[in-house]
Structures are given as C-alpha cells and as structure tokens.
Amino acid sequence: MKPFGASGPMINVIHDQALVQEFIDGIGKNILILTPSFPYVFIGKLVDVIEDHAIVDVKVTTISELEDRQWHVHIHQIEAFYIQRKGQPRIPELKDDY
Amino acid sequence: MASKKEKDIEVNHDQNEIEELDDRLFRELRALIGESILLVTESDQLNLFGQTFRPIFCGKITDVQHGHLTLFPVNIKIINAPQFNFPTPLSIPLEKIAHFTPDFDCNARLPLT
C-alpha cells in the first residue's frame, strides 16, 4: 500500500504504523504514558491494541477518580511512553514517590 | 479478530515495506545510538503529577526503531528540578519530535523562562 506515492508522507505513515506495532508487541506488559491531554499520565497494564488505540488497565493517573478502569488511549496522541520489558527498570509506584 | 497466522503475514508485510524504504532519518538516528541528544517534542507542555514541564528531554539514545527512539538515562527539564532524571527509559514517537540536536551535554544548564 502506497497511500501517497511520494516518499515524504509515506515516511510518516511508516513511523505511525511501526509505532502501533511497538504497542502491539507490548501487549501484556506494564506501560507508562505521557500525553499533553488531560489527565497527562497513564500507568497500568497494556491489555490490547484496537486500531491505533492502546487499551490500558489504568492503575495510576493524576486523579484517583479516573483510576482502576480501562482507558482507550490514542497512540498518535502519546508524547512519550515506556513499555516495561524484562531486565529493564521497573515503573515505580509513582503515587507514593511524588 | 484476525487469526495469528494472518497477523504474522501482516507483520511480515509491514516489515518488508519498512526495509524497502530509504528512511534517512531512521539511519541518521541509528548512527547516534550511544550519544546524548537534546530533544523537544510537539506539545506546549506535559504534566507529571501536578508538575508542569516543557517537553524538553535530554538523554542517551539507547534504541531507535522505525516508530520511536528510546532515551536512557533521560533528564527532564522541570522548572524547579532542572536536573530531574526520570526513573525509567522513555520512548519518543518519531512523529512527535519537533526538533533535536545531537551531541548535547545533558548537564548543561538552560534558562527555562
């Protein structure tokens, strides 16, 4: 599939597709997400990816009322993230530390 | 829901397409693995538990993939804690990078006003 033909827009599409693939590969792992939109931080388990939405079982965010529920997070809205892998640093229990 | 086989084929298809592409940015970034860079992302600000900060990240590139790069250790320039080191690696989607400059000393102090 070559949506635009030209290499410019094509590269952006590839970056976006590869990013979604990174999330698909991370299903089942703990994840931390920073996004410019409220509530800014999501920490929990990445349970699924539907199209370009990451489904996160959110344990910690900035507001306790929004915790302990599944959030659908648009992957292309995410500004920074960390998918915790074996042998890599653990996502801290941020609530107590901050 | 696609079967696993179908998914695998899809993934392989994507991989081939990616490999065919002459992605210069990807290759340039890969050549920078091990170096520290200063990187700014698109949004005006991010927020970490009540602390607002500009999305200015400085860190060592540990990994570069087609969709993102990973920094660790990574320093975030929070106003009241300009040398704050994030406790985990952070991955940045390539499409969110507004600008970056390679070979940057993360201990350098920047005015954040």
Side-chain angles (χ1 to χ4, degrees), chain A residues 1-3 7-27 30-41 43 48-50 52 60-64 74-85 87-98, chain B residues 1-2 7 10-11 13-15 17-26 29 39-57 59 62-74 76 78 81 84-98:
Chain A
M1 191 181 70
K2 301 254 189 278
S7 71
M10 188 64 199
I11 286 294
N12 304 136
V13 171
I14 290 293
H15 291 169
D16 285 344
Q17 281 180 352
L19 185 65
V20 170
Q21 189 58 48
E22 176 70 12
F23 279 76
I24 291 170
D25 294 344
I27 289 174
N30 286 329
I31 189 167
L32 174 148
I33 292 170
L34 299 184
T35 156
S37 331
F38 178 85
Y40 316 115
V41 181
I43 298 172
D48 201 1
V49 174
I50 300 174
D52 55 3
V60 177
T61 178
T62 42
I63 294 179
S64 58
H74 186 201
I75 289 169
H76 299 126
Q77 275 294 114
I78 294 169
E79 198 99 342
F81 65 95
Y82 174 53
I83 297 172
Q84 186 182 310
R85 295 218 150 77
Q88 293 289 307
R90 288 178 59 82
I91 297 169
E93 306 284 328
L94 286 177
K95 258 190 163 169
D96 296 329
D97 295 348
Y98 283 78
Chain B
M1 201 69 191
K7 260 190 180 166
E10 235 171 69
V11 169
H13 177 70
D14 286 349
Q15 283 299 329
E17 219 169 59
I18 286 166
E19 278 157 23
E20 274 172 30
L21 254 139
D22 185 27
D23 190 342
R24 268 196 71 191
L25 175 69
F26 172 73
L29 286 170
L39 181 160
V40 183
T41 57
E42 266 174 19
S43 72
D44 292 336
Q45 57 182 40
L46 293 174
N47 192 304
L48 203 59
F49 297 94
Q51 279 275 15
T52 299
F53 61 97
R54 293 182 190 204
I56 307 168
F57 304 94
T62 56
D63 189 24
V64 178
Q65 296 297 328
H66 284 277
H68 70 283
L69 60 77
T70 304
L71 303 176
F72 191 66
V74 52
I76 300 179
I78 294 179
F84 174 71
N85 272 326
F86 203 79
T88 68
L90 277 180
S91 298
I92 316 284
L94 298 190
E95 289 299 309
K96 288 292 171 188
I97 297 174

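Hydrogens, waters and symmetry mates play no part in the numbers below; they use all other heavy atoms, side chains included. Labels below follow one simple rule: chain letters A, B, ... track the order of the sequence lines, proteins then strands, and each chain is numbered from 1.
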Per-residue contact mode, [X] against chain A (heavy atom under 4.5 angstrom):
X: B:P89; answer: both
X: B:Q51; answer: neither
X: B:F72; answer: side chain

Heavy-atom distance under 4.5 Å between the side chains of [X] and [Y], does that happen here?
X: A:L34; Y: B:F53; result: yes
X: A:V41; Y: B:L48; result: yes
X: A:I91; Y: B:P87; result: no
X: A:D16; Y: B:E95; result: yes

Check: Side chain, backbone, both or neither: which part of A:Q84 has an atom under 4.5 Å from a heavy atom of chain B?
Finding: neither
Notebook entry, point to check: Can you say whether A:T35 sits under 4.5 Å from chain B via the side chain, the backbone, both, or neither, judging by heavy atoms?
Noted result: backbone
Distance, nearest 0.5 Å, that separates [atom1] of [X] from [atom2] of [Y]:
X: B:L90; Y: A:Y82; atom1: CG; atom2: OH; answer: 9.5 Å
X: B:L46; Y: A:S37; atom1: CG; atom2: OG; answer: 9.5 Å
X: A:L32; Y: B:F86; atom1: CG; atom2: CZ; answer: 4.5 Å
X: A:I14; Y: B:F26; atom1: CD1; atom2: CZ; answer: 11.5 Å
X: A:F38; Y: B:N47; atom1: CZ; atom2: CG; answer: 9.5 Å
X: A:I83; Y: B:T70; atom1: CD1; atom2: OG1; answer: 9.0 Å

Margin query: Apply side-chain contact (heavy atoms from CB on, under 4.5 Å) to residues B:H66 and A:L19 and explain how you reach the verdict.
Written below: CA-CA 7 Å; B:H66 284 277; A:L19 185 65; over 6 Å; no
Note to self: Would you say the rings of B:H68 and A:F81 are close, in the sense that their centroids are separated by under 6.0 Å?
What the structure shows: yes
Item checked: side chain to side chain contact (heavy atoms under 4.5 Å, CB included), paired with A:E79, selected from B:I92, B:I97, B:T41 -> B:T41
Notebook entry, point to check: Top residue by heavy-atom pair count (under 4.5 Å) with chain A, among B:G67, B:S91, B:S43?
Noted result: B:S91
